[in-house]
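Here's the structure, in structure tokens; my notes come after.
Residues: numbered from 1 along the sequence shown.
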Amino acid sequence: MIKKNKSSLFIKIFIVTFLLTSLCCMITYGVISWLIPKTYSTTLDASLDSAVNSLLTEVENLTPMESGNLFNEFVINQNGVLIQLFDSLNREIELPSQNSMTFPVFVTGGVAIECADPAAYRATHSYIFTFADSDDVYTLTVAGSAQEVNLLKDTLGGIFIILLFVILLVAVLASIVYSHYVTRPVLRINRVSKRMAELDFSWRCEENRTDELGTLAHSLNEMSQKLSASMTDLKCANEKLQADIERERALEQAQLDFFSAVSHELKTPITVIKGQTEGMILNVGDYQNRNKYLVRSLEIINTMENMVQEILTVSRMKSSKVGLKKETIQFSDILKQKYALFEDLIIQKDIDWNENITPDLSVIGDKALIQKVINNLISNAISYSPEGGSIYLTAFAEDGTVQFLLENTGIHIPDLEIPKLFDAFYRVEHSRNKKTGGSGLGLYIVKTILEQHQAEYSITNTERGVLFTIQF
């Protein structure tokens with residue numbers, strides 16, 4: 001509890017404010033208790049002095065016997081006043097009275113004031129005057145009663161407990177109000193600063209004050225907006241950088257995979273040619289028949305040459321220095337020429353060739369690369385179609401686009417293998433036998449060319465076989 005109080009700004013300000021307010025009230029009460037009786041006594045003395053001066057002004061125009069009524073009225077009007085009269089020899093004389101026959105009459109038994117309680121009277125004042133029928137000088141001594149002043153002191157002392165309760169109550173209420181007024185914006189700013197420390201800028205400090213705290217709240221709002229914008233920019237930049245890094249890693253990995261695949265693809269035929277050549281040089285066994293193995297070596301060399309050409313094609317397409325030579329291509333004419341190009345292979349495998357090509361179809365692109373795409377697709381369709389199979393080539397215009405469909409029957413591709421077909425050197429048949437497939441670069445080249453032309457493409461299994469679709 002004590003630890004919590006020490007860490008609470010509201011409680012600290014409340015305690016300080018309560019103590020200061022209570023102390024100020026107590027000091028104010030003490031000053032009032034001391035000053036009011038004294039001021040009241042001074043006021044009474046001034047009033048009494050004025051009354052005495054008025055009395056003496058009238059007495060100096062009368063004889064002692066004539067002034068008796070005035071002294072009697074003065075004593076009656078000034079309740080509790082001690083009044084004494086002295087002659088020039090400082091002997092106390094009885095006040096003149098209308099019933100007195102002689103004057104002066106001296107007081108016997110000593111001076112009367114000496115028998116009285118000095119604390120019952122206020123300060124004593126002396127006045128010198130003369131009567132009208134005499135030149136003798138008399139001294140009038142007047143002391144006001146202290147009863148009223150003492151009563152005021154007793155009253156102030158009697159209400160001390162009530163005033164103390166009121167003082168404490170006022171101090172508590174004032175401390176609560178003041179502490180709340182002072183700490184409310186500070187606590188609000190403190191909550192905001194904690195959210196800022198957690199990098200949460202989805203807030204706004206609503207403080208309409210115009211003092212330093214209001215300025216601080218306004219500054220925090222501006223700082224929050226700027227930090228939020230900076231964090232957003234930094235996050236976007238970081239995401240972009242992360243994407244660039246991932247893309248670079250993917251490219252590096254793709255290059256490594258590509259070179260690894262190239263090395264693997266070239267290693268086997270080079271090893272075969274090397275073995276055949278060494279065998280023919282050494283005249284070992286069957287290798288003495290050089291004509292037979294020279295033909296085989298030439299076939300392997302031709303295969304390697306085709307692969308190198310395909311690798312060079314991929315390299316040129318990947319190079320940023322090579323741009324597309326786009327032009328308007330008569331797509332229908334290109335497709336109609338393909339049967340004549342592959343006629344020997346089609347006849348050799350007894351393939352049923354079917355084509356449905358809409359005349360005057362045109363696309364915009366690089367003519368040589370588009371021809372490369374069509375050649376690779378038809379070559380794959382013929383190579384992977386069984387003997388006696390069918391190939392359906394269709395081209396037509398639809399919704400402002402040119403649709404190309406090539407379907408070969410008699411085979412199907414496992415669904416899990418379809419997304420991998422466009423990877424470099426990937427083949428569904430994993431034996432890498434050149435008699436059952438190519439190098440695995442054909443569809444990779446097709447994908448690269450079509451993506452450069454921003455064309456959409458897909459491979460799907462159908463009831464009859466496999467369908468390749470292109471949309472220009």
Side-chain angles (χ1 to χ4, degrees), residues 243 247 250-251 254 258 309-339 341-342 353-385 391-409 411 413 415 417-428 438-462 464-472:
R247 185 164 54 252
L251 290 175
F258 184 81
Q309 291 297 329
E310 290 181 340
I311 293 173
L312 291 175
T313 300
V314 172
S315 177
R316 285 195 299 269
M317 288 188 297
K318 291 292 185 180
S319 175
S320 59
K321 297 180 181 180
V322 179
L324 296 178
K325 298 178 181 179
K326 289 188 176 182
E327 58 181 318
T328 301
I329 305 170
Q330 294 299 322
F331 192 59
S332 300
D333 296 341
I334 292 177
L335 296 180
K336 290 178 181 179
Q337 298 170 1
K338 295 307 173 184
Y339 178 78
L341 182 64
F342 294 95
W353 179 268
N354 302 275
E355 63 179 41
N356 182 13
I357 303 172
T358 301
D360 299 327
L361 292 177
S362 62
V363 297
I364 297 177
D366 190 308
K367 184 175 182 179
L369 295 181
I370 295 298
Q371 286 182 333
K372 182 69 174 176
V373 168
I374 303 302
N375 291 345
N376 284 1
L377 292 177
I378 295 177
S379 176
N380 280 353
I382 294 173
S383 298
Y384 290 102
S385 293
I391 293 178
Y392 297 88
L393 188 153
T394 306
F396 57 92
E398 182 180 66
D399 299 330
T401 61
V402 174
Q403 304 285 336
F404 170 81
L405 290 81
L406 182 65
E407 183 179 13
N408 56 313
T409 63
I411 61 170
I413 301 174
D415 292 336
E417 302 285 345
I418 290 178
K420 303 177 184 178
L421 292 178
F422 297 100
D423 296 341
F425 298 105
Y426 184 82
R427 291 174 54 187
V428 176
S439 64
L441 286 174
L443 290 181
Y444 178 73
I445 293 174
V446 168
K447 179 194 75 168
T448 304
I449 295 174
L450 292 179
E451 287 179 350
Q452 288 181 335
H453 286 77
Q454 297 180 348
E456 297 181 3
Y457 58 93
S458 64
I459 295 180
T460 56
N461 288 314
T462 64
R464 294 186 298 184
V466 177
L467 173 66
F468 194 102
T469 304
I470 303 176
Q471 178 179 312
F472 293 97

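Taken to the nearest 0.5 Å, the CD atom of Glu355 stands 9.5 Å off from the OG1 atom of Thr394. Expressed to the nearest 0.5 Å, how far CG of Leu450 lies from CD1 of Ile470 amounts to 4.5 Å. To the nearest 0.5 Å, atom CG of residue Leu405 and atom CD of residue Gln471 are 10.0 Å apart. Asp333 CG to Asp360 CG: the interatomic distance, rounded to the nearest 0.5 Å, is 7.5 Å. Atom CD1 of residue Ile374 and atom CD of residue Gln371 lie 9.0 Å apart, to the nearest 0.5 angstrom.
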Under the side chain to side chain contact (heavy atoms under 4.5 Å, CB included) rule, what do Tyr392 and Leu467 come out as? Steps first, then yes or no, please. CA-CA 9 Å; Tyr392 297 88; Leu467 173 66; over 6 Å; no
**Asked** Can Leu369 and Val373 be said to form a side chain to side chain contact (heavy atoms under 4.5 Å, CB included), step by step?
**Response** CA-CA 6 Å; Leu369 295 181; Val373 168; 5.8 Å; no
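Applying the 6.0 Å contact sphere to NZ of Lys336 captures more than 12 heavy atoms from other residues, nucleotides or ligands. The 12-atom threshold is not exceeded at CD of Gln454, counting heavy atoms of other residues, nucleotides or ligands nearer than 6.0 Å.
Counting all heavy atoms, side chain and backbone alike, Val466 lies closest to Thr462 at N-OG1, 4.1 Å. Heavy-atom minimum distance, Pro359 versus Ser332: C-OG, 3.7 Å. Minimum heavy-atom separation, Ser385 to Thr409: OG-O, 4.3 Å.
Side-chain atoms of Thr401 and Gln403 form a donor-acceptor pair, as typed in the model, at a separation below 3.5 Å.
Of the residues Asn408, Leu377, Thr460, the one that meets the side chain to side chain contact (heavy atoms under 4.5 Å, CB included) test with Phe468 is Leu377. When the options Ile391, Leu335, Leu393 are evaluated for a side chain to side chain contact (heavy atoms under 4.5 Å, CB included) with Ile378, the one that passes is Leu393. Of the residues Phe404, Phe396, Phe331, the one that meets the ring pair (Phe, Tyr, Trp, His ring centres under 6.0 Å) test with Phe472 is Phe331.
Residues Asp366 and Lys372 are not in side-chain contact: their nearest non-hydrogen atoms beyond the backbone lie 4.5 Å or more apart.
With hydrogens and angles ignored, the 3.5 Å screen pairs a side-chain donor or acceptor of Thr358 with a backbone N or O of Ala395.
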